[in-house]
Amino acid sequence: MDYKLEIAKKINGFVDMELDKVIELIEIPPQTNMGDYAFPCFQLAKVMRKSPNMIAIELAEKIIADDIAEKAEAVGGYVNFFVNKKEYIKLMVQEVLEKGERFGSSEDGKGKNVIVEFSSVNVAKPFHVGHLFNTMLGSALEKVYKHSGYNTIRINHLGDWGTQFGKLISAHKRWINEEALEREPISELFRIYVKFHEEAEKDPTLEDEARAYFRKLEEGDPEVTALWQRFKDLSLREFGEIYRMLNVEFDSYAGESFYSDKMDEVVQMLREKKLLKDSNGAKIVDLEQFNIPPIMILKSDGATIYATRDLAAAIYRKRTYDFYKNIYVVGGTQSLHFNQIFSTLGLMGFEWSKDCVHIGHGLVKFADKKLSTRKGDVVFAKDVVNEAIHKTTEVIEHKNPNLENKEEVARKVGMGALLYTFLKNNRDKDVVFTWEDALNFDGDSGPYVQYTYVRGQSILKKAGNIPDTVDLSYLTTEEEFQMVKLLGAFKDSVKEAVERYEPFVVIRHVTEIAKAYNKFYNSHPILNAEDNVKNARLQLTKAVGIVIQTGLGLVGIETPENM
RNA sequence: GCGCCCGUAGCUCAGCUGGAUAGAGUGUCUGACUACGAAUCAGAAGGUCGCAGGUUCGAUUCCUGUCGGGCGCACCA
């Protein structure tokens with residue numbers, strides 16, 4: 001039952017406004033004593049040439065009370081509706097129990113392909129906290145879209161091409177420690193990469209050697225290609241550990257190397273459309289009409305650049321997936337780059353360039369000097385992940401030493417705390433990371449919500465079987481009603497998260513639900529209540545558990561059964 | 001110099017397309033475990049929404065300017 005729709009229908013006959021518009025305007029009053037839904041009359045005032053107050057009063061008088069809304073009253077330009085609480089609770093709890101994990105889902109995106117590019121790590125380079133944030137955000141966005149019925153394609157646009165591989169191959173021949181490479185591939189590859197740069201300072205011919213190796217790679221030299229493939233395999237093996245921790249998967253790893261043979265066509269197209277200009281020996285596309293700097297397509301030595309690859313990738317994706325939307329989850333520092341890419345696609349005549357969207361996000365910064373100074377200025381994601389799980393294990397040892405499968409729970413809770421920390425705010429904001437905040441399990445945190453779920457499940461286990469026929473009209477307290485109202489608004493939060501590309505909307509809403517349940521939990525007995533009340537409250541507990549689990553799941557946070 | 005993002009309580013942040021008394025969490029102080037898990041709950045204190053103009057019946061929200069912070073501005077990605 002969609003209450004907004006039902007309320008809108010009541011208003012619809014009396015105002016000169018489309019039903020959809022009415023639904024859009026309906027809001028939830030800031031104070032609970034004002035009512036459950038409100039219709040603001042300010043917009044009508046202009047066309048009707050009457051004061052909002054008058055319109056509200058007249059409108060309220062016309063509304064007929066029924067099982068949906070039992071009262072409508074006019075207050076300061078708003079018509080406030082009071083729903084029939086018993087009926088509302090009954091319908092909503094039933095809906096959650098029937099739909100289960102599909103609660104809050106929709107078919108808004110039915111038949112539409114949405115590409116979400118995220119993570120996009122560089123082969124042979126460290127997976128740092130910035131990638132971690134990016135991966136969490138991208139994965140959450142994908143899940144939210146999927147829940148809204150879109151067919152999603154998760155792409156990890158690997159950085160697996162370019163002259164740095166020539167350098168790596170050159171460095172490998174000179175300084176590789178094979179044993180270390182097998183044990184800690186990224187660290188070893190990063191070590192020789194850094195060493196290469198140090199040595200190249202003294203001996204510039206190394207750079208020439210690296211370029212020569214990359215040329216061999218481009219030409220498909222078997223030995224060099226095999227080495228490159230090995231770097232890639234080893235890197236992905238190590239990245240896979242983090243993806244497993246996060247429960248993240250991809251549908252495609254088509255990265256830069258994948259487009260190495262698809263760029264000639266792009267250059268050709270640009271040339272045919274006379275968009276390519278010469279500038280200091282390089283080939284550029286002028287974007288002055290958009291008020292942004294030109295985009296470089298070919299370097300002065302004729303080589304391609306990442307912009308060329310991004311253009312090729314966009315065109316390839318349109319052909320392959322015929323996307324409804326092509327979402328790039330990439331740090332906000334690259335907003336100009338994507339602005340240039342999308343503008344260029346537009347100039348090329350691709351009307352679908354408007355369906356490409358760059359979802360930027362802030363940087364991860366460290367307030368704790370301890371971590372940031374440890375290994376230069378790069379903070380490895382696996383160190384953060386391991387530390388979070390380690391600290392969580394300590395908390396478990398302290399609070400619940402007899403817990404079974406501690407490792408599994410520590411992973412879920414530790415990762416939950418991290419995910420929550422990274423995703424709880426507006427994605428544009430920089431994440432100021434402190435261990436104190438990230439591992440504070442009180443209040444606004446992943447473990448807070450998980451704990452609420454665990455306590456509910458614990459009660460359900462103690463209760464045993466609940467009768468099939470439960471009379472939900474025994475849920476009569478204000479705490480229960482407020483909680484159910486939040487369950488009812490869950491779908492809206494998913495929708496808003498999709499529209500704004502902001503998973504935090506869902507996180508915050510789920511936290512509100514957890515808070516409401518905790519308030520209820522602390523003010524009313526469940527197992528010790530009279531049988532009819534007990535059974536109704538158990539069903540409510542079950543419903544809340546479903547929504548919490550679903551909501552947390554949408555941002556990648558898992559729910560343990562105990563903690 | 002130009003462009004993008006940000007500026008709301010001591011700290012970290014919500015506040016949806018302008019609308020009803022600006023909200024959370026944390027930290028501080030106080031109270032609740034012989035009821036179902038206290039990783040919980042209840043309460044108190046804490047804000048001239050960076051500043052100045054403008055539009056409007058009404059601005060934290062929109063516009064202009066200004067100050068402060070972050071990030072970009074071609075042969076790296």
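Note that the structure is a prediction, hence the values are computed from the model and not measured.
- Less than 4.0 Å separates RNA chain B from at least one heavy atom of each of the following residues of residues 524-539 of chain A: H524(A), P525(A), I526(A), L527(A), N528(A).
- Within 4.0 Å (heavy atoms only), S279(A) reaches at least one base atom of the nucleic acid.
- One can place NZ of K299(A) at 11 Å from C1' of rA74(B), the figure rounded to the nearest angstrom.
- When heavy atoms are screened at a 4.0 angstrom cut-off, K424(A) is found touching no nucleic acid atom at all.
- A donor-acceptor contact under 3.5 angstrom links the side-chain atoms of S458(A) to the base of rG37(B).
- A search for side-chain hydrogen bond (donor to acceptor under 3.5 Å, both in side chains) contacts involving T541(A) returns Y517(A), not counting sequence neighbours.
- One can place CE of M563(A) at 9 Å from P of rA39(B), the figure rounded to the nearest angstrom.
- Within 4.0 Å of P294(A), counting heavy atoms only, lies no atom of the nucleic acid at all.
- Shown here for L403(A) and I396(A), the closest heavy-atom pair between the two residues is CD2-CG2, 3.7 Å.
- No side-chain heavy atom of H361(A) sits under 4.5 Å from any side-chain heavy atom of D428(A).
- Within the 4.0 angstrom heavy-atom criterion, no nucleotide atom of any strand lies near N339(A).
- Only at 4.0 angstrom or more do the heavy atoms of residues 121-138 of chain A sit from any atom of RNA chain B, so none qualifies.
- Comparing atom distances between the Y451(A) side chain and each of rA39(B), rC75(B), rU21(B) picks out rA39(B) as nearest.
- Using a 4.0 Å heavy-atom distance criterion, N80(A) is classed as a base contact.
- The side chain of R500(A) approaches rC16(B) more closely than any other nucleotide in the set rC16(B), rC73(B), rA39(B).
- Residue A307(A) is classed as having no contact, given no heavy-atom separation below 4.0 Å to the nucleic acid.
- Nucleic acid contact class of K462(A) (heavy atoms, under 4.0 Å, all strands): sugar-phosphate only.
- The side-chain heavy atoms of K277(A) and V285(A), taken from C-beta on, include no pair separated by under 4.5 Å.
- Taking the side chain of M34(A) as heavy atoms from C-beta on, and the options rU40(B), rU21(B), rA14(B), the nearest nucleotide is rU21(B).
- The residue V454(A) sits close to a base: some heavy atom pair falls under 4.0 Å.
- Looking at every heavy atom in both residues, I359(A) comes nearest to Y501(A) through CD1-CG, 3.3 Å.
- Within the 3.5 Å criterion, the main-chain N or O of N518(A) finds a donor-acceptor partner in the side chain of N522(A).
- Atom OG of S343(A) is separated from atom CG of D286(A) by 11.5 Å, given to the nearest 0.5 angstrom.
- The side chain of D442(A) has rA39(B) as its nearest neighbour among rA39(B), rA14(B), rC75(B).
- Ring-to-base geometry places Y521(A) in a stacked arrangement with rC36(B) (centre distance under 5.5 Å, plane angle under 30°).
- If you check rG70(B), rU40(B), rA14(B) against the side chain of D430(A), the one that comes closest is rG70(B).
- Nucleic acid contact for P29(A): base, since at least one base atom lies under 4.0 Å from a heavy atom of the residue.
- Nucleic acid contact class of T333(A) (heavy atoms, under 4.0 Å, all strands): sugar-phosphate only.
- Y448(A) is linked by a ring pair (Phe, Tyr, Trp, His ring centres under 6.0 Å) to nothing, counting only residues two or more places apart in sequence or in another chain.
- Comparing rA20(B), rC16(B), rC41(B) by their nearest atom to the side chain of E496(A) picks out rC16(B).
- The main-chain N or O of G362(A) is never found under 3.5 Å from a side-chain atom of R427(A) such that the two would form a donor-acceptor pair.
- Looking at heavy-atom distances under 4.0 Å, I305(A) makes contact with sugar-phosphate atoms alone, never a base.
- In RNA chain B, consecutive stretches of 3 or more Watson-Crick or G-U wobble pairs with both distances under 3.5 Å are given as paired ranges: B:1-7 with B:67-73, B:10-13 with B:23-26, B:28-32 with B:40-44, B:50-54 with B:62-66.
- Separating the CG atom of L276(A) from the C1' atom of rA74(B) is a distance of 14 Å, rounded to the nearest angstrom.
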Start with the C-alpha gap between H358(A) and F342(A), add the side-chain angles, then the distance that decides, and say whether ring pair (Phe, Tyr, Trp, His ring centres under 6.0 Å) holds.
CA-CA 9 Å; H358(A) 170 220; F342(A) 303 156; 7.5 Å; no
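- A search for side-chain contact (heavy atoms from CB on, under 4.5 Å) contacts involving A60(A) returns A74(A), V79(A), not counting sequence neighbours.
- Base engagement by N522(A) is indicated by at least one non-hydrogen atom pair under 4.0 Å involving a base atom.
- Between the OH atom of Y306(A) and the P atom of rG72(B) there is a distance of 11 Å, given to the nearest Å.
- Between the CH2 atom of W435(A) and the C1' atom of rC11(B) there is a distance of 20 Å, rounded to whole Å.
- When the nucleotides rA20(B), rC71(B), rA38(B) are ranked by their closest atom to the side chain of L363(A), rC71(B) comes out on top.
- For the pair N400(A) CG and rA39(B) P, the computed distance is 9 Å after rounding to whole Å.
- F239(A) and K125(A) make their closest contact through CZ-O, 3.6 Å (heavy atoms, listed as atom of the first residue, atom of the second, distance).
- Among the atoms of the strands shown, only primed sugar atoms or phosphate atoms (P, OP1, OP2) are found under 4.0 Å from some heavy atom of E256(A).
- A distance-only check finds a donor-acceptor pair linking the side chain of Q450(A) to the backbone of E558(A) [under 3.5 Å].
- Within 4.0 Å (heavy atoms only), D437(A) reaches no atom of the nucleic acid at all.
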